[in-house]
2 protein chains.
Amino acid sequence: MCYCDVMPDTAIRPLEEQICFALYSASRSITGRYRELLAPLGVTYPQYLVLLVLWETGTSTVRQLGDRLQLDSGTLSPLLKRLQALGLVTRTRSTLDERVVEISLTPAASEMRNEAPRIAEQICASTGFALGDLARLQGQIATLATQVREFG
Amino acid sequence: MCYCDVMPDTAIRPLEEQICFALYSASRSITGRYRELLAPLGVTYPQYLVLLVLWETGTSTVRQLGDRLQLDSGTLSPLLKRLQALGLVTRTRSTLDERVVEISLTPAASEMRNEAPRIAEQICASTGFALGDLARLQGQIATLATQVREFG
DNA sequence: CAGTAACACATTGTGCACAATAGAATCGTG
DNA sequence: CACGATTCTATTGTGCACAATGTGTTACTG
């Protein structure tokens with residue numbers, strides 16, 4: 001019998017002691033902190049994630065963005081249209097493979113990259129964790145996510 | 001300077017190494033696992049969280065549910081109406097304070113509680129973590145969330 | 001090379017999250 | 001007791017997530 005979320009007599013652990021609620025709650029808390037920091041830039045956290053990938057790659061297909069962020073086209077298609085409406089990305093259909101849409105940064109979005117280090121720094125500070133502890137924690141959470149996705 | 005999400009030369013850490021993305025990604029992964037397990041019961045994960053609280057308290061006000069789950073009425077009001085439509089909760093306005101709406105379990109929802117231990121057990125197994133490690137991880141994540149909410 | 005399978009992206013519909021606002025009830029203070 | 005402030009819930013509007021489906025394109029296979 002598993003004692004993780006369940007007590008011996010089949011009583012249920014309060015949600016404050018369940019791993020999923022911890023992840024769910026923490027994710028929303030830290031996303032809320034990002035919301036404050038990203039407000040001046042006018043983008044949401046999922047939009048910022050797309051920019052993070054594009055700052056690294058320059059150009060990505062919708063598929064590549066989806067693989068990286070674990071998001072499908074149902075989420076990305078409208079999100080990318082909003083980024084395009086904000087003048088931050090361009091969407092051009094590939095000439096080699098007409099199924100593919102390539103997403104590229106505009107100069108405005110490239111400029112925004114300068115703000116990223118300060119934002120990341122403030123997020124780290126908000127956690128109250130030492131950097132080593134934070135890295136260790138991040139690694140364990142990433143391992144758990146991979147495990148659940150692949151062998152759940 | 002913070003090295004958590006930021007490299008010395010102001011290069012940005014790839015999102016795979018950022019704590020927020022780890023939380024965001026892990027939360028969605030494990031919620032997806034819950035989705036499979038909860039499908040036979042016909043409820044979503046946020047709805048299940050409400051049931052978890054009510055299995056513990058029997059009756060709660062909307063405010064109490066919101067405090068516990070860190071959700072506001074904009075999220076809870078429609079969610080609770082859906083739970084009512086499913087025949088799992090009743091919503092009655094308090095006679096002592098007419099502003100308050102009290103949420104109570106129906107017998108059908110009380111029955112469902114028997115399924116909870118098995119679900120929790122399978123979630124624990126899906127993580128691939130030892131129970132002690134899982135508890136330690138859960139504690140650290142909860143600490144981080146509190147820190148970000150209160151001192152972010 | 002014809003036909004079918006696989007792939008990339010978009011669309012539709014449902015259900016969260018959350019900000020902003022509204023409306024009704026209660027509380028506190030003069 | 002009056003009345004302004006606070007509390008509790010609901011509503012509206014925007015933006016994710018995700019399942020299911022549709023459409024056009026490319027790849028495979030006989």
Side-chain angles (χ1 to χ4, degrees), chain A residues 20-21 23-36 38-39 42-50 60-67 69-86 88-89 91-103 145 149, chain B residues 20-21 23-36 38-39 42-50 60-67 69-86 88-89 91-103 145 149:
Chain A
C20 186
F21 182 72
L23 289 169
Y24 167 75
S25 181
S27 177
R28 288 192 297 119
S29 291
I30 203 163
T31 300
R33 184 79 180 98
Y34 263 106
R35 191 174 298 116
E36 302 169 19
L38 292 174
V43 296
T44 66
Y45 179 65
Q47 290 167 8
Y48 176 73
L49 289 178
V50 168
S60 290
T61 68
V62 175
R63 172 112 177 75
Q64 289 169 332
L65 289 171
D67 286 346
L69 303 175
Q70 307 288 332
L71 293 171
D72 65 8
S73 69
T75 300
L76 285 175
S77 285
L79 187 155
L80 292 170
K81 281 190 180 179
R82 284 186 285 270
L83 279 180
Q84 184 180 33
L86 289 170
L88 296 176
V89 304
R91 306 188 314 133
T92 56
R93 199 158 285 273
S94 167
T95 48
L96 277 72
D97 185 339
E98 298 251 341
R99 293 172 299 182
V100 173
V101 171
E102 288 175 344
I103 310 297
R149 265 200 304 276
Chain B
C20 186
F21 182 72
L23 289 169
Y24 166 76
S25 181
S27 177
R28 288 192 297 120
S29 291
I30 204 164
T31 300
R33 184 78 181 99
Y34 264 106
R35 191 174 299 118
E36 301 170 19
L38 292 175
V43 296
T44 66
Y45 179 65
Q47 291 167 8
Y48 177 73
L49 289 178
V50 168
S60 290
T61 67
V62 175
R63 172 115 180 73
Q64 289 169 333
L65 289 171
D67 286 346
L69 303 175
Q70 306 288 332
L71 292 171
D72 66 7
S73 69
T75 300
L76 286 175
S77 286
L79 186 154
L80 292 170
K81 282 189 179 180
R82 284 186 284 269
L83 280 180
Q84 184 181 34
L86 289 170
L88 296 176
V89 304
R91 307 188 314 131
T92 57
R93 201 158 283 273
S94 168
T95 50
L96 277 72
D97 185 340
E98 299 250 340
R99 293 171 302 182
V100 174
V101 170
E102 288 174 345
I103 310 298
R149 266 200 305 276

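Letters go in sequence order (proteins before strands), and every chain restarts at 1.
- For DNA chain C, the contact window with chain A, defined by any atom under 4.0 Å from a protein heavy atom, covers C/dC7 to C/dA19 in 5' to 3' order.
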Using a 3.5 Å cut-off and no angle test, enumerate the donor-acceptor pairs between side-chain atoms of residues 75-82 of chain B and protein atoms at least two apart in sequence or in another chain.
from    : atom 1 : to      : atom 2 : distance (Å)
B/Thr75 : OG1    : B/Asp72 : OD1    : 3.4
B/Ser77 : OG     : B/Ser73 : O      : 3.1

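- Along DNA chain D, the nucleotide closest to A/Tyr45 and the one closest to A/Leu96 are compared, and the more 5′ of them pairs with A/Tyr45.
- Between B/Glu36 atom CD and D/dA19 atom C1' the separation is 13 Å, expressed in whole Å.
- In this structure, the side-chain hydrogen bond (donor to acceptor under 3.5 Å, both in side chains) partners of B/Glu36, at least two apart in sequence or on a different chain, are B/Arg33.
- Relative orientation of the B/Tyr34 and B/Tyr45 rings is tilted, given thresholds of 30° and 60° on the angle between their planes.
- The distance from atom CG of B/Leu69 to atom OH of A/Tyr24, rounded to the nearest 0.5 Å, is 6.5 Å.
- Here the straight-line distance linking atom CG of B/Leu71 with atom CG of B/Leu65 works out to 9.0 Å at 0.5 Å rounding.
- For A/Arg149 (side chain) and B/Ser29 (main-chain N/O), no donor-acceptor pair under 3.5 Å exists by modelled atom type.
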Can you give one letter per nucleotide of nucleotides 7-12 of chain D, going 5' to 3': B for a protein heavy atom under 4.0 Å from the base, S for sugar-phosphate only, - for none? BSSBB-
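- With sequence neighbours left out, B/Arg28 forms a side-chain hydrogen bond (donor to acceptor under 3.5 Å, both in side chains) with no residue at all.
- Within 4.0 Å (heavy atoms only), B/Leu83 reaches no atom of the nucleic acid at all.
- Listed by chain and number, the residues in a side-chain hydrogen bond (donor to acceptor under 3.5 Å, both in side chains) with B/Gln84 are B/Arg91 (sequence neighbours excluded).
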